[in-house]
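A note on names: the letters A, B, ... follow the listed sequences, proteins ahead of strands, and every chain is numbered from 1.
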There are 2 protein chains.
Amino acid sequence: MLASGRGDAYCGSRYRECGLRVLLIEDDAVLGEAVRDFVAGLGHAVDWMQTLDDGRTAARAVDYDLILLDLRLPDGRGLTLLTELRRTGAVTPVIILTAHDQISDRIEGLNSGADDYLVKPFNLGELGARMLAVARRYAGSSLPVLEAGNLTIQLADRRVLREGDPVDLSGREWAVLARLANRPDAIVSKGEIEEALYAFGSEIESNTVEVYVSRLRKKLGKDCVETLRGIGYRLGR
Amino acid sequence: MLASGRGDAYCGSRYRECGLRVLLIEDDAVLGEAVRDFVAGLGHAVDWMQTLDDGRTAARAVDYDLILLDLRLPDGRGLTLLTELRRTGAVTPVIILTAHDQISDRIEGLNSGADDYLVKPFNLGELGARMLAVARRYAGSSLPVLEAGNLTIQLADRRVLREGDPVDLSGREWAVLARLANRPDAIVSKGEIEEALYAFGSEIESNTVEVYVSRLRKKLGKDCVETLRGIGYRLGR
DNA sequence: GGCAAGCTGACAGCCGGCTGAACGAGGCTG
DNA sequence: CAGCCTCGTTCAGCCGGCTGTCAGCTTGCC
């Protein structure tokens, strides 16, 4: 739950090529934390701001790949920021997060240059999917297709091929694999993988991660994931 | 539309050939209702406005795929709106609906950038045909025929072939399929499919999407649609 | 050998998705 | 007009796969 620290840390530059740099502007503490952890869990670097003002500052300072923008903020309307950004020529993709009853805002948002919107309460999985969709739209087809051993991992399409044959993965299985694939050469600790699995707070006290690694190995082959005893896991090669 | 360059880039293609997003501007209650129901029945999402002003607002707010525009409205001439739209660079196809004695308007309309016109009272079937023609013209040659598994999906013609044999789909069935076929590799959430099915605001709280997926599978084969638990659907392959 | 860390098969509960059935609206036919 | 059909929508019950947990096993390290 210290994710905010972590987020800032690798926003810097080092991991730029892998995960996206995401700015989350959302005042609701619970939702904000959930989204931050979930998105961080996907391997992206998240900065979470709770006010329009902080959001504006951040958006000006850093060249984000994606902005998640709540429309109703304590110190103003999210749309204001969006319009400002667009007026200054920023093309950063923006996904709007909006309450269920704000249809007009939604329309206005799209009209002001937002790229997509999600209605609260939303499914985190759907958030992930839309983020990918938006990112892909921008990156063209350049989103990573990763070759690892006899695996082809298509992050953007949520697909894995084993020696060319598609393999079905469940949600959690994919989450684990994607977490590893997001930073192919990095060692990822169990704790970090857990964060990717359980977005918010849920204290899981068992060997879930091990179980999913095991399931992945069964489906994808022994070597798809490498174990580093006492440290974590890494994508096989 | 107003969503400016970037918006067009994806909005245009996003909903293109599926259930189209149609804006109907028509003050006559009887005709308006008839057209709305007919067009909705084809599987498109229709917003119906009865005044020029509302129409203008809607057209600015939402990136429609097609506008059906009555020329004689209580609060002004439809042509005004058309010219405005074209002046701001909107390329949304517009079909003009006009009474038979307004020949000059018709000509002026075509000159102002309308794509086609229909003379009242018109045959609804003809309206359907012209809509298809216009939409096809816009889709260009870029996405006519899609091969997916043993299916051939002819988006522009609103036809599906299963192993070469044409299959009859109802309006909604087609809308769902087309929404998926529109972005063949993308994962489409239930929410997004619903959006393609219903106009803004109609809150549908049931498993409609599941039902239509089920019916599609019955007609087109188990694998025509892939389920991604908790995330959405994707066209089979 | 002994200990810690990691692996994996089994299992029960659950949730999401699937689907048959029913109903009303509307259109068409005779 | 009655009868028939199709389509859209809703609902309830079913089903299967996903998931978390645990126990017993293997592996690696000292």
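Across the protein-nucleic acid pair, E210(B) atom CD and dG16(C) atom P stand 10 Å apart, rounded to whole Å. One can place CG of N207(B) at 15 Å from C1' of dC15(D), the figure rounded to the nearest angstrom. Atom CZ of R217(B) and atom C1' of dT19(C) are 11 Å apart (whole Å). Rounded to whole angstrom, the span from the CG atom of L197(A) across to the P atom of dT19(D) amounts to 9 Å. Here dC18(C) presents its P atom at 12 Å from CG of L216(B), a figure rounded to the nearest Å.
Contacts between residues 227-237 of chain B and DNA chain C, counted as heavy-atom distances below 4.0 Å, involve T227(B), R229(B), G230(B), Y233(B).
Residue V213(B) is out of contact with every strand shown, counting any heavy-atom pair closer than 4.0 Å.
For N150(A), the CG atom is densely surrounded, since the number of other residues' heavy atoms within 6.0 Å is greater than 12.
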Test log, rule side chain to side chain contact (heavy atoms under 4.5 Å, CB included), inputs V35(B) and E26(B): CA-CA 9 Å; V35(B) 170; E26(B) 166 64 65; over 6 Å; no

Take I231(B) and R158(A) through the side chain to side chain contact (heavy atoms under 4.5 Å, CB included) test and state the conclusion after the steps. CA-CA 11 Å; I231(B) 304 180; R158(A) 200 198 175 279; 3.6 Å; yes

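OP1 or OP2 of dG20(C) sits under 4.0 Å from a side-chain N or O of K218(B). Remark: S214(A) is in phosphate contact with dT8(C), judged by side-chain N or O atoms under 4.0 Å from OP1 or OP2. Applying the 4.0 Å criterion to OP1 and OP2 of dC18(C), one finds that K190(B) has every side-chain N and O outside that range.
R162(B) contributes a side-chain N or O that, together with a main-chain N or O of K219(B), makes up a donor-acceptor pair within less than 3.5 Å. With D65(A) contributing its side chain and R21(A) its backbone, the two residues share a donor-acceptor pair below 3.5 Å. Side-chain atoms of E173(A) come within 3.5 Å of backbone atoms of S170(A) as a donor-acceptor pair (strictly under, hydrogens ignored).
Side-chain contact check for L180(A) versus V225(A): some heavy-atom pair is nearer than 4.5 Å. A heavy-atom distance below 4.5 Å is found between the side chains of V176(B) and L216(B). Side chains of L118(A) and T98(A) form no contact here, defined as non-hydrogen atoms less than 4.5 Å apart. Within the 4.5 Å cutoff, the side chain of L127(B) has heavy atoms near those of the L68(B) side chain. By the 4.5 Å heavy-atom criterion applied to side chains, L151(A) and L220(A) are counted as neighbours.
Every salt bridge (charged side-chain N to carboxylate O under 4.0 Å, His left out) that R234(B) has, sequence neighbours left out, goes to E226(B). Listed by chain and residue number, nothing satisfies the side-chain hydrogen bond (donor to acceptor under 3.5 Å, both in side chains) test with D223(B) (two or more places apart in sequence, or in another chain).
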With the criterion being N/O to N/O and under 3.5 Å, what pairs connect the protein with nucleotides 6-8 of chain D, and how long is each?
{"unit_1": "dG8(D)", "atom_1": "OP1", "unit_2": "R172(B)", "atom_2": "N", "d": "3.1"}
{"unit_1": "dG8(D)", "atom_1": "OP2", "unit_2": "S170(B)", "atom_2": "OG", "d": "2.5"}
{"unit_1": "dG8(D)", "atom_1": "O5'", "unit_2": "Y212(B)", "atom_2": "OH", "d": "3.4"}

What nitrogen or oxygen pairs link the protein and nucleotides 24-26 of chain C at under 3.5 Å?
none

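End-to-end axis angle of the helix from dG1(C)-dC30(D) to dG30(C)-dC1(D), using five pairs per end and rounding to 10°, comes to 30°.
Counting all heavy atoms, side chain and backbone alike, Y233(A) lies closest to L228(A) at C-CD1, 4.1 Å.
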